[in-house]
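A short write-up of the structure that comes next.
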Amino acid sequence: EFDNAIAYVTAIKKRFAKEPETYKAFLEVLHTYQREQKGIQEVLRRVAELFKDHADLLREFIYFLPDAAIEPAQRLFLQKAAD
């Protein structure tokens, strides 16, 4: 799973090479979650905003979520994709 996470973050970095602020914002979301300064719902909301035009990244992000967050994430990400 660690290798998959590294590959995912690397893909994000490459995808947003011309928008480094998006990549940095994603890393900041992860760091604040790790420090328990943001709940999972806030993480989902922020990631949905950052990747709203990148459905593949949203789909892949779901694989790294705790089980309890998967269904809410799917609903939120589908909603963002439809907006």
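Residues passing the ring pair (Phe, Tyr, Trp, His ring centres under 6.0 Å) test with Tyr33: none are found, sequence neighbours excluded.
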Exercise answer: donor-acceptor pairs, residues 60-78 side-chain atoms, under 3.5 Å, sequence neighbours excluded:
| unit_1 | atom_1 | unit_2 | atom_2 | d |
| --- | --- | --- | --- | --- |
| Glu71 | OE2 | Arg75 | NH1 | 2.9 |

Stepwise side chain to side chain contact (heavy atoms under 4.5 Å, CB included) check, Arg15 with Asp56: CA-CA 11 Å; Arg15 175 85 53 97; Asp56 60 322; 2.5 Å; yes
Step-by-step side chain to side chain contact (heavy atoms under 4.5 Å, CB included) determination, Phe26 to Phe16: CA-CA 11 Å; Phe26 174 71; Phe16 294 104; over 6 Å; no
Trace of the side chain to side chain contact (heavy atoms under 4.5 Å, CB included) decision for Glu21 with Glu19: CA-CA 5 Å; Glu21 65 282 351; Glu19 301 173 52; 3.7 Å; yes
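In this structure, NZ on Lys38 lies 8.0 Å from CZ on Arg46, to the nearest 0.5 angstrom. Once rounded to the nearest 0.5 Å, the distance linking CG of Leu50 with CZ of Arg45 reads 9.0 Å. To the nearest 0.5 Å, atoms CD (Glu49) and OG1 (Thr22) are separated by 11.5 Å. Remark: Gln79 CD to Lys52 NZ distance equals 12.5 Å, nearest 0.5 Å.
Under a cut-off of 6.0 angstrom, the local environment of CD in Glu36 is sparse, with at most 12 non-hydrogen atoms contributed by other residues, nucleotides or ligands.
Contact check for Val9 versus Leu27: side-chain heavy atoms found under the 4.5 Å cut-off.
Closest non-hydrogen pair, Leu58 versus Ala48, comes out as CD2-CA, 3.9 Å.
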